[in-house]
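Here is the structure we will look at, set down as structure tokens.
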Amino acid sequence: QEHREGRVGRDDDAEPERQRGEGEAATPEDPDQLQGESDGGRDDHGGDGRGGDGRSALREDRRHQVRDPFPLQRRDGGLIPADTHVSRGTWNGSPCLFCVSKDLTAEREALDRFDRLFHANPALMAVNDLADLRFIDVNDAFLETLGYSRDDVVGRPLAELDILPRTRQRAATLRRLRAGGIRGIELQVRTRDGRLLDGVFSGEVIPGIDRDYLLTVMVDITDRKRAE
């Protein structure tokens, strides 16, 4: 039975079993990880996979599960971004694979909109790993204003680049950022050639699946400060 949310299939539809070499780990594509040993159509309690009144019984084995963000294909050939959970179980007493997929179209469209706004924004923007402040991404305004290339920045921690001069205000600002966020804080930043620029910073913590991120935005007010 196949539909947009997922698919239930029998084990004998899967690829033939192969032997793994010694020390080779199971992968999501490896039938051993999904199918395991055949249980002869019996469930974990010794039954035949049917309820006592003869109705079909669904039983899922949570010891053999795989979860992966791979797309689903529509009848017309188009792809649907999806997060799919696969596990081994029994259907009417026969071994099968249970697949449950969540349509991620809305999430993907929201991410695409954010990405366009992020990179086209005239303010300096950066995304850092909250744990070590390693740069995950920066926008074009960040690179052009501070004089860095993307390879100079992405993957390196904030302290290694020394973009924020080491002051007591910097330490206090980073503590507040990690505690939840800041709004309208004035700080100086150092360009690659050593010049100091004045900026107004805002930032907040963005929760992720396996880690938290720090999104910061800086408006360059250097010209305004000099005019004052």
Side-chain angles (χ1 to χ4, degrees), residues 25-28 33 62 65-71 81-86 101-102 104-222:
T27 66
Q33 184 167 346
R62 297 186 180 275
Q65 296 183 340
V66 176
R67 184 172 182 174
D68 239 337
F70 59 82
D83 181 26
T84 301
H85 179 89
V86 183
S101 295
K102 178 183 178 181
L104 298 180
T105 300
E107 289 87 344
R108 178 62 59 83
E109 290 176 351
L111 183 60
D112 289 343
R113 287 195 299 271
F114 171 81
D115 192 63
R116 289 195 296 271
L117 290 171
F118 179 86
H119 287 287
N121 201 307
L124 285 68
M125 300 184 70
V127 177
N128 295 70
D129 188 314
L130 185 63
D132 58 7
L133 298 183
R134 176 172 47 88
F135 282 96
I136 303 300
D137 199 5
V138 293
N139 70 350
D140 292 341
F142 181 104
L143 299 174
E144 293 168 3
T145 303
L146 300 184
Y148 288 94
S149 71
R150 191 168 302 278
D151 290 341
D152 291 332
V153 178
V154 174
R156 298 177 64 184
L158 175 65
E160 189 175 302
L161 293 174
D162 199 26
I163 290 175
L164 292 178
R166 296 176 181 275
T167 63
R168 283 183 294 179
Q169 185 185 14
R170 164 187 141 149
T173 300
L174 290 177
R175 284 196 299 270
R176 290 178 60 185
L177 273 170
R178 282 183 159 136
I182 59 171
R183 291 287 184 277
I185 301 296
E186 287 194 19
L187 280 176
Q188 286 189 318
V189 295
R190 181 180 287 114
T191 65
R192 185 170 187 175
D193 60 12
R195 292 179 298 115
L196 291 177
L197 303 179
D198 295 295
V200 176
F201 275 83
S202 296
E204 63 180 284
V205 175
I206 308 296
I209 295 176
D210 57 353
R211 69 185 69 182
D212 292 336
Y213 299 93
L214 186 62
L215 172 65
T216 54
V217 181
M218 174 193 144
V219 177
D220 186 357
I221 60 169
T222 304

Kindly indicate, with the supporting measurements, whether the criterion side-chain contact (heavy atoms from CB on, under 4.5 Å) is fulfilled by D152 and R192. CA-CA 10 Å; D152 291 332; R192 185 170 187 175; 2.4 Å; yes
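- A distance of 9.5 Å separates OG1 of T216 from CG of L133, quoted to the nearest 0.5 Å.
- Enclosure of atom CZ in R183 by more than 12 non-hydrogen atoms of other residues, nucleotides or ligands within 6.0 angstrom is indicated.
- Here CZ of R170 is found 11.5 Å from CZ of R175. Values are rounded to the nearest 0.5 Å.
- The minimum heavy-atom distance between A123 and N139, with the atom names listed, is O-ND2, 2.8 Å.
- Taken to the nearest 0.5 Å, the CZ atom of R134 stands 13.0 Å off from the CG atom of L158.
- Side chains of S149 and D151: no donor on one and acceptor on the other come within 3.5 Å.
- Ring centers of F135 and Y148: at least 6.0 Å apart, outside the cut-off.
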Intermediate values then yes/no, side-chain contact (heavy atoms from CB on, under 4.5 Å), L214 and V205: CA-CA 5 Å; L214 186 62; V205 175; 4.3 Å; yes
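- I185 and Q169 make their closest contact through CG2-NE2, 4.2 Å (heavy atoms, listed as atom of the first residue, atom of the second, distance).
- Nearest approach of V154 to I136, heavy atoms of both residues: CG1-O, 3.5 Å.
- Residues F118 and V138 share a closest heavy-atom pair of CE2-C, 3.5 Å.
- Within the 3.5 Å criterion, the main-chain N or O of S101 finds no donor-acceptor partner in the side chain of T84.
- Residues P122 and A141 share a closest heavy-atom pair of O-CB, 3.4 Å.
- In the displayed structure, R176 atom CZ is contacted under 6.0 Å by at most 12 heavy atoms of other residues, nucleotides or ligands.
- Atoms CD1 and CG, on I221 and D198 in that order, are 5.5 Å from each other to the nearest 0.5 Å.
- Residue L146 holds its CG atom at 7.0 Å from OG1 of T191, rounded to the nearest 0.5 Å.
- The two residues G184 and V200 have their closest heavy-atom pair at CA-CG1, 3.6 Å.
- The pair R150-D140 meets the salt-bridge criterion, since a charged nitrogen lies less than 4.0 angstrom from a carboxylate oxygen.
- L130 is not listed as a side-chain neighbour of R211, based on a closest heavy-atom distance of 4.5 Å or more.
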For side-chain contact (heavy atoms from CB on, under 4.5 Å), just list the numbers for I163 and R190, CA-CA rounded to whole Å, side-chain angles, deciding distance to a tenth of an Å, and then say yes or no. CA-CA 5 Å; I163 290 175; R190 181 180 287 114; 5.8 Å; no
Derivation of the side-chain contact (heavy atoms from CB on, under 4.5 Å) call for T173 and F201: CA-CA 10 Å; T173 300; F201 275 83; 5.8 Å; no
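- One finds the CG atom of L187 at 12.5 Å from the CG atom of L197 (value rounded to the nearest 0.5 Å).
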